[in-house]
Structures are given as C-alpha cells and as structure tokens.
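Input: a single structure, listed below in structure tokens.
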2 protein chains.
Amino acid sequence: MDEVTHVAHVARIEKELRYVSGLVKQKGREMLNNYKITPPQFIALQWLSEEGDMTIGELSSKMYLAFSTTTDLIDRMEKSELVQRVKDEKDRRVVRIHLLEEGKRIIDEVIKKRQVYLQDVLVNFSSKEIVTLKENLIKLHQEMR
Amino acid sequence: MDEVTHVAHVARIEKELRYVSGLVKQKGREMLNNYKITPPQFIALQWLSEEGDMTIGELSSKMYLAFSTTTDLIDRMEKSELVQRVKDEKDRRVVRIHLLEEGKRIIDEVIKKRQVYLQDVLVNFSSKEIVTLKENLIKLHQEMR
DNA sequence: CATATTTGTTTTGTATGCGAAGAATGGTTC
DNA sequence: GAACCATTCTTCGCATACAAAACAAATATG
C-alpha cells in the first residue's frame, strides 16, 4: 500500500471512530432513559460489576477521572443507594466502593439491553464478519491503551 | 455458528465497543489540553468544518442535543470567537452558525493531531488489517444509525 | 386576521469535571 | 516518639454540560 492510500485509510478510520463513539454515547444515553442513572454512573457500575469492589483511586484510574470527580459521583450514587462506601480495616485512609443490590440489578438489566440492541445492529453481519469485527476491536483496544 | 457462540461474540463486541469509545473520549480529551476548547466544542467544530454552516436546529440534531444545550454551547463558542451567529435573511427565526478563522484553525490542527495519534496506534496493523478495520467501522456506523 | 407551528432563547435545576487546598492516616528518619 | 513526608480521599470554587419548561419572535395556514 502506498503512503498516500495508507494515510487516507487512517483518516477515514479516525472519522468513523468519531461517529461510532458518538453513536455509542448517544444510544447508550437513550437506553438509560427508564433508569435513574446517568452515563458516568453506568460506567462506574459496569466497572464495579465486572471487577468487584474498588477503591476511589482505582475507579478514578479506570474511568480516567480526577479523585474529586469520583468522590462526587460516588456521593450521588450512594444517595440513590446504588453503591456503598466501606472503610478499609487495615488502612483507614482507603475507601472501598461496594455495589448494592439495586445497583447490581440496574447494571445487569442495562448491559443486557445493550447486547440486545447490538444483536439487532449486527443482524446484517455474517458470522465471519462478526468474528473479524470482534478481533479488530480487541486489537484496536489493546493498541490504544 | 451456533447460537451460544454468536451471543458470546456479540457480548464481547459490546464490551470492546465500550472500552474503545471510552478511550476515544479520554484520548480526545487529552489531545485538547493545549487548545482552549472542550470536547463538545470539538464535536461542534468538526461538524461545522465538515458540513459547512448549520442552523442551531441542525447542529442540535447532529449532536443529539436539546436546543437549549446548543444555545449555551454556541454562546460560549461565540464568546471565544470560534464561531459567529448569522441571522437568515429569508427566515428571520433561523440562526446560522458560521465557522470563524480561529475555529477553523483549531479544528484542522486537532483533527490532524488525532490522525497522527491513530497512525501510531495502527502501526502494528498490516495493510490488510487496516482496510478490514476501516470497512468494519463503516458498516458498523451505517447499521447503528 | 386569528391561530398554530417553527425556531431559538431564557430560566432553573442537576450533573460532570478539574485543580487547589485541606484532613486524616500511614510510613520513615533521626 | 517527634518531625516530616507520602498516600488517599474530601471539600471548595469554578466552568461546563445537559435538559425541561416557559417564553419570545417570526412564519405558515386556514
């Protein structure tokens, strides 16, 4: 592939990534309509669900947020009884965030809803295309990190 | 492909899409560090740059935002002289948003920066993989719309 | 002309996000 | 063990983001 063609491909990928990310954001927001959680709250719940209890620092790092932002986020999520702060016994500085029943219920429902949506989106993809797409995304994710 | 495998693939794609979108958001935010624009401002500038002058309504629709949100956004962008409101001569209700020099300069720079970043990310992709990724994303974008 | 519709703005309220300063705890050095 | 430093998290102040509801202006429609 000559240089010019390569650059053109990359430019197009950049553009499509912007569009797809925007759509993921938008569709994701719409899917939260009937639940009492916001997009960042969804992401926090998803992390807690996948990785178990985490400290404020760990969650901040996963979500690429400042500590202060996470503190506020967890304040609100605690108020709506989605999660609970638990002080670490060994190191009293550390606060561990624990997923509560209601949070678990909601995140499971929303994740399922997203997968149903995606199954619909992918209805015109062949089995082979699905596998390729999956592998592409995994590699892209790895390289972007 | 049997049903179970298919569902597993879709679930993985959903997950990777979340990760990639998150990274696009985060890396995008970092790349704006040296510029005096915010992420939504970047998206607005990108639309105006690609599609030319647009009304508040059109931009709201493209960005999936309420009118009131866009009004505020454009207020701030006008204050920092990135864009300018122009009243439509024919229909005095309509406000057309016009990209100014400074806005054009910044958006071009940032888009270029993103492409350079992506070229770096894709350095371990073969020519064939690049093409496949591009086609995958285009199709995914189409089907998500 | 009277009324309805379209297009944006204003108002109000909540959420997001960050940096700087502060508080509490834990570790280290002498 | 006192003084000092590092860490983990919270508080505060500020700007932005986002939306619903009320409002205003211009236009379309009967």
Side-chain angles (χ1 to χ4, degrees), chain A residues 21-22 25-47 53-80 82-98, chain B residues 21-22 25-47 53-80 82-98:
Chain A
S21 298
K25 180 183 168 186
Q26 173 52 23
K27 298 294 181 185
R29 182 180 279 274
E30 280 170 17
M31 274 183 275
L32 297 181
N33 268 345
N34 299 324
Y35 303 89
K36 289 190 173 49
I37 63 171
T38 62
Q41 289 181 11
F42 163 73
I43 296 170
L45 289 177
Q46 164 247 310
W47 278 114
D53 296 7
M54 301 173 73
T55 68
I56 298 278
E58 287 164 348
L59 187 59
S60 301
S61 159
K62 296 278 190 191
M63 293 183 69
Y64 308 106
L65 294 176
F67 271 71
S68 55
T69 304
T70 306
T71 293
D72 285 351
L73 187 64
I74 297 302
D75 280 350
R76 288 185 293 272
M77 293 175 72
E78 223 174 5
K79 199 171 295 180
S80 40
L82 300 169
V83 300
Q84 189 181 16
R85 276 181 173 84
V86 181
K87 286 223 128 195
D88 188 300
E89 284 304 321
K90 310 275 182 190
D91 185 341
R92 306 283 303 165
R93 290 170 303 183
V94 174
V95 171
R96 215 162 293 280
I97 311 160
H98 176 70
Chain B
S21 297
K25 181 183 168 185
Q26 173 53 21
K27 299 293 182 184
R29 179 182 281 273
E30 281 170 17
M31 274 184 275
L32 296 181
N33 268 345
N34 299 324
Y35 302 89
K36 291 191 173 51
I37 63 170
T38 62
Q41 289 182 11
F42 163 74
I43 297 171
L45 288 178
Q46 163 248 311
W47 278 114
D53 297 6
M54 302 173 71
T55 68
I56 298 278
E58 286 163 350
L59 187 59
S60 300
S61 160
K62 297 277 190 191
M63 294 183 67
Y64 307 105
L65 294 176
F67 272 70
S68 56
T69 305
T70 306
T71 293
D72 285 352
L73 186 65
I74 296 302
D75 281 349
R76 288 187 292 273
M77 293 176 73
E78 221 174 6
K79 200 170 293 178
S80 40
L82 300 169
V83 300
Q84 188 181 18
R85 276 182 172 85
V86 180
K87 287 223 126 193
D88 188 301
E89 283 304 320
K90 309 275 181 189
D91 185 341
R92 308 284 303 165
R93 288 171 304 184
V94 173
V95 170
R96 214 162 293 278
I97 311 161
H98 176 70

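We name chains A, B, ... by the order of the sequence lines, and we start the count at 1 in each one.
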Decide, yes or no, whether a salt bridge links A:Arg93 with A:Asp91 under the criterion of side-chain N to carboxylate O below 4.0 Å.
->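 So A:Arg93 pairs with A:Asp91 through a salt bridge.
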Could you say whether B:Arg96 or A:Arg92 is positioned toward the 5' end of DNA chain C, judged by the nucleotide with the nearest heavy atom to each?
->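 Taking each residue's closest nucleotide, the earlier one in sequence belongs to B:Arg96.
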Rounded distance in Å - [atom1] ([X]) to [atom2] ([N]):
X       : N      : atom1 : atom2 : answer
B:Asn33 : C:dG17 : CG    : C1'   : 13 Å
A:Lys79 : C:dA15 : NZ    : C1'   : 12 Å
B:Glu30 : C:dG17 : CD    : P     : 14 Å
B:Glu58 : C:dT7  : CD    : C1'   : 12 Å
A:Arg93 : D:dC5  : CZ    : C1'   : 12 Å
A:Asp88 : C:dA24 : CG    : C1'   : 14 Å
A:Met77 : C:dT14 : CE    : C1'   : 16 Å
A:Asp91 : C:dA23 : CG    : P     : 19 Å

For every nucleotide of nucleotides 10-21 of chain D, 5' to 3': is a protein heavy atom under 4.0 Å from its base (B), only from its sugar-phosphate (S), or from neither (-)?
-> BB----SSBBBB
At under 4.0 Å between heavy atoms, what does B:Lys90 touch on the DNA or RNA strands: base, sugar-phosphate, or nothing?
->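 Touches sugar-phosphate only.
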Within-4.5 Å side-chain heavy-atom neighbours: [X] and [Y]:
X       : Y       : result
B:Asp75 : B:Arg85 : yes
B:Leu59 : B:Ile97 : yes
B:Leu82 : B:Gln41 : yes
B:Ile74 : B:Thr70 : yes

Any donor and acceptor pair, going by atom type alone, linking the side chain of A:Ser61 with main-chain N or O of A:Gly57 inside 3.5 Å?
->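 Flag not set: sc A:Ser61 to bb A:Gly57 has no pair under 3.5 Å.
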